[in-house]
Amino acid sequence: MDLAAAAPHTSSLKDLPCPLPPAAAGEPAELGAYRKQPGSDDAFLRARRSLREAENWGALAALLVLHAAAIRDAAKVGELSFQAYELWNDRVKDKAQAAHALVRALQAQPDNVRPFEQLRRLYEQLGAHAELATLLRWRIEHLRRHDRNAVPAALVELGLLYETQFCDIHEACALFRKALEQNPGDRNASEQLIRLHLAAGAWPKAVELLDAELARTDPARDRARFAELHLRLARIESQQHENIPAAALHLQAALKAGPDNIAALRAFGVLYLGSGKASDEGLAKAADVFFRAAKLARAQNDERQALGLLRRTLALKPDHFEAGNALAELLAARERWMELDELYGAWLGYVSDADSYGLWLQRGELLETHLARREEARACFEAASRHEPPGGDAWRRLEALLLALDDHHGFVGLIDRWAEQDPGSAPTDKLLAAARVAREELGDEERAAVFFYKVLEREPFNAEAFEGYKEHWRRKNNW
């Protein structure tokens with residue numbers, strides 16, 4: 001079926017269906033009696049009272065419509081018809097009959113906005129698009145006589161109906177154009193026309209419409225709209241016409257109007273990458289543009305967009321320090337630990353050994369605390385400890401982890417390395433702890449004796465060291 005051909009172009013309320021309720025088998029006697037005396041006030045009042053008492057709402061609604069059809073007082077006809085609508089819609093739940101009653105109410109009182117609004121809503125709920133189109137066309141003609149300022153909005157509404165329900169793009173465009181002709185400043189009509197021409201790939205006409213809208217837009221009062229229009233024109237120039245300089249001018253205008261326009265900054269970065277200037281320097285400049293956009297996105301609490309922009313920055317310049325830190329902060333705030341670990345791992349491949357200490361330490365803390373990968377955390381702390389003097393953060397974290405893992409060899413080796421690298425800073429209690437572990441857990445008397453001796457060198461009267469060292473010689477000589 002051709003939907004466009006099925007779309008009506010009538011604009012009279014007489015074309016809307018509103019048949020009277022037919023006589024049905026088993027209907028109440030009161031209603032049948034009224035049918036024999038249509039227009040009789042006495043018969044109407046008797047039947048209405050009886051049907052109300054019986055709470056027969058469907059029959060009562062039919063009675064109201066029949067009486068409205070039999071009298072000539074427009075105000076009364078409108079009132080009775082609207083009452084019938086309320087009964088059918090609220091009590092009987094018969095939306096089709098409710099719509100018929102509203103048509104009669106509107107025919108009686110065309111200036112009454114209430115039945116029009118209710119009928120429009122009912123037609124939308126029923127999916128009666130042809131009837132809705134007729135209703136809207138009638139409304140437009142009515143507004144032309146009584147409220148011309150409201151006509152453009154009604155034309156846009158009808159155009160959207162033709163586009164979405166009848167797939168009649170030609171008629172929709174014609175209606176949008178009529179709205180724009182009557183009110184050149186109607187942004188909604190202009191936007192709909194621009195949207196349809198962009199979707200159809202009608203680039204020359206789209207540019208013409210965008211330029212016209214741009215000329216009507218005050219950059220001081222509506223910076224966002226001004227920037228958006230320039231951004232659209234920039235896309236057309238770069239993607240369709242391959243005119244990079246013209247696209248750049250539009251983007252510069254968009255950024256001048258709104259320096260915090262993230263979309264314009266992103267487009268500028270993409271434009272720079274596609275301009276044939278993608279040298280190392282060009283990639284670095286594009287990365288800086290994306291990073292600037294990411295900072296704006298973070299300031300605007302748009303974390304999702306900020307994540308994408310930061311990733312793009314690092315893809316272009318993996319050693320971008322600020323972008324890496326910002327991405328790490330965002331991932332940690334959102335508890336995306338696996339992704340944060342991947343970031344640290346990738347970043348370690350780009351930084352120098354001298355700059356890797358903080359990354360090794362942070363990655364170790366992440367692996368230990370949030371991912372429960374303690375063996376990998378140990379390797380990270382060991383790598384970090386090579387870049388700081390003994391006793392630093394990495395050494396302390398490594399010591400605590402080795403003790404938690406019951407890694408006796410690792411713990412003794414760590415204290416041994418500490419004593420070799422900086423003998424004076426090795427605490428006595430740690431030397432004694434290493435000696436106890438070497439003797440009791442590893443059975444390594446020679447190594448235990450070395451630790452006891454190191455303590456005695458600095459504290460000749462340390463009782464535990466003296467007894468431990470004496471025990472070493474006792475066992476060795478079997479005293």
- Query: Which heavy atom of L271 sits nearest a heavy atom of S238, and at what distance?
  - Reply: CD1-CB, 3.7 Å

- Message: Can you confirm whether the side chains of H320 and D288 place a donor and an acceptor under 3.5 Å from each other?
- Response: yes

- Message: Taking CD in E242 as the centre, count heavy atoms belonging to other residues, nucleotides or ligands within less than 6.0 Å. Is the count above 12?
- Response: no

- Item | Euclidean distance, L196 CG relative to L160 CG, rounded to 0.5 Å | 8.5 Å

- Query: Any side-chain heavy-atom pair from L132 and L119 closer than 4.5 angstrom?
  - Reply: no

- Item | Ionic contact status for R417 with E420, cut-off 4.0 Å | no

- Message: Under the criterion side-chain contact (heavy atoms from CB on, under 4.5 Å), I'd like the reasoning laid out for L16 against Y123: C-alpha separation, chi angles, the key distance, then a yes or no.
- Response: CA-CA 11 Å; L16 295 175; Y123 280 157; 3.9 Å; yes

- Query: Nearest 0.5 Å, what's the CH2-CG distance between W203 and L233?
  - Reply: 11.5 Å

- Query: Given L398, which of L414, L403, D407 fulfils the side chain to side chain contact (heavy atoms under 4.5 Å, CB included) condition?
  - Reply: L414

- Please report the shortest heavy-atom distance between T217 and E213, naming the atom on each side. OG1-O, 2.7 Å

- Message: Under the criterion side-chain hydrogen bond (donor to acceptor under 3.5 Å, both in side chains), I'd like the reasoning laid out for R266 against Q305: C-alpha separation, chi angles, the key distance, then a yes or no.
- Response: CA-CA 10 Å; R266 182 199 292 268; Q305 186 165 204; 3.1 Å; yes

- Of H387, E388, R386, which is the lone residue that meets side chain to side chain donor-acceptor pair (under 3.5 Å) with Y357? E388

- Message: Counting only heavy atoms not in R114 (residues, nucleotides, ligands), do more than 12 fall under 6.0 Å from its CZ?
- Response: no

- Task: Please confirm whether the backbone N or O of L13 pairs with a side-chain atom of W138, one donor and one acceptor, at under 3.5 Å?
- Result: no

- Just checking, any donor-acceptor pair under 3.5 angstrom between side chains of Q97 and D94? no

- Item | Pairwise side-chain contact, L405 with E375, heavy-atom cut-off 4.5 Å (strictly under) | yes

- Given side-chain contact (heavy atoms from CB on, under 4.5 Å), test L155 with L136 step by step and report yes or no. CA-CA 8 Å; L155 286 167; L136 292 177; over 6 Å; no

- Rounded distance (nearest 0.5 Å) linking atom CD1 of I140 with atom CG of L158: 4.5 Å

- Which distance, rounded to the nearest 0.5 Å, do you find between the CG of L309 and the CZ of R298? 12.0 Å

- With under 30° as parallel and over 60° as perpendicular, where do the rings of H230 and H250 fit, or are they tilted in between? tilted

- Test: D222 and R187 ion pair at under 4.0 Å: yes

- Query: Between F116 and R139, is there a cation-pi geometry (under 6.0 Å to ring centre, at most 45° from the normal)?
  - Reply: yes

- Query: Would a 4.5 Å heavy-atom cut-off, applied to side chains only, mark I236 and L198 as touching?
  - Reply: yes

- Query: Between A264 and L255, what is the shortest heavy-atom contact and its length?
  - Reply: CB-CD2, 3.7 Å

- Message: I'd like to know whether NE2 of H146 has more than 12 heavy-atom contacts from other residues, nucleotides or ligands below 6.0 angstrom.
- Response: yes

- Query: Taking 4.0 angstrom as the limit, do E117 and R120 come out as a salt bridge?
  - Reply: yes

- Taking the side chain as C-beta and beyond, is there a heavy-atom pair between Q240 and R235 under 4.5 Å? no

- Query: Taking the side chain as C-beta and beyond, is there a heavy-atom pair between D341 and R373 under 4.5 Å?
  - Reply: yes

- Message: Would F290 and V270 count as a side-chain contact (heavy atoms from CB on, under 4.5 Å) here? Give the steps.
- Response: CA-CA 9 Å; F290 287 126; V270 172; 4.1 Å; yes

Quick one: side chains of residues 204-212, donor-acceptor pairs under 3.5 Å with protein atoms, not counting sequence neighbours, listed by atom name and distance.
unit_1: K205; atom_1: NZ; unit_2: E208; atom_2: OE2; d: 3.3

- So, the side chain of S385 versus the backbone of E382: is there a donor-acceptor pair under 3.5 Å, distance only? yes

- Query: Does T369 use its side chain to pair, donor to acceptor, with the backbone of L366 at less than 3.5 Å?
  - Reply: no

- If you round to the nearest 0.5 Å, how far is CD1 of I415 from NZ of K454? 12.0 Å

- With E368, which of R397, R378, R374 fulfils side chain to side chain donor-acceptor pair (under 3.5 Å)? R397

- Message: Determine whether Q300 and D260 satisfy the following criterion, side-chain contact (heavy atoms from CB on, under 4.5 Å), listing intermediate values before the conclusion.
- Response: CA-CA 9 Å; Q300 297 172 18; D260 57 349; 4.1 Å; yes

- Taking all heavy atoms of G324 and all of L314, pick out the closest pair and write down the distance. N-CD2, 3.9 Å

- Message: So does V113 get a backbone contact from the side chain of Q118, meaning a donor-acceptor N/O pair under 3.5 Å?
- Response: no

- Item | Pair D147-H142, side-chain hydrogen bond (donor to acceptor under 3.5 Å, both in side chains): steps then yes or no | CA-CA 8 Å; D147 186 4; H142 182 78; over 6 Å; no

- Query: Does a salt bridge link R232 with E191, judged by any charged N lying under 4.0 Å from a carboxylate O?
  - Reply: yes

- Message: Can you tell whether the side chains of R225 and E228 come within less than 4.0 Å, N to carboxylate O?
- Response: yes

- Does NE2 in H241 sit with more than 12 non-hydrogen atoms of other residues, nucleotides or ligands closer than 6.0 Å? yes

- Check: L180 and K178 side chains under 4.5 Å, non-hydrogen atoms: no

- Task: Show the numbers, then the answer: is there a salt bridge (Lys or Arg N to Asp or Glu O under 4.0 Å) between R436 and E441?
- Result: CA-CA 8 Å; R436 287 194 296 270; E441 303 296 342; over 6 Å; no

- Smallest heavy-atom separation, A287 atom then K317 atom, equals CB-CB, 3.9 Å

- E163/R195 salt bridge by N-O under 4.0 Å criterion: yes

- On a heavy-atom basis, the closest approach of V412 and A438 is CG2-N, 4.1 Å

- Verify whether one side chain among N188 and Q192 offers a donor that lies under 3.5 Å from an acceptor in the other. yes

- Worked check of salt bridge (Lys or Arg N to Asp or Glu O under 4.0 Å) between E141 and R144: CA-CA 5 Å; E141 294 302 321; R144 282 198 174 102; 2.8 Å; yes

- Message: Can you see whether W347 has R363 sitting over its ring - NZ or CZ less than 6.0 Å from the centre and within 45° of the normal?
- Response: no

- Value for CG (L316) from CZ (F291), rounded to nearest 0.5 Å, stands at 13.5 Å

- Taking the side chain as every heavy atom from C-beta outward, state whether Q252 and F268 have any atom pair closer than 4.5 Å. yes

- Query: If we only count heavy atoms from C-beta on, is the L307 to L331 side-chain gap below 4.5 Å?
  - Reply: yes

- Item | Check against salt bridge (Lys or Arg N to Asp or Glu O under 4.0 Å), R334 and E339 | CA-CA 10 Å; R334 301 183 75 172; E339 294 176 51; over 6 Å; no

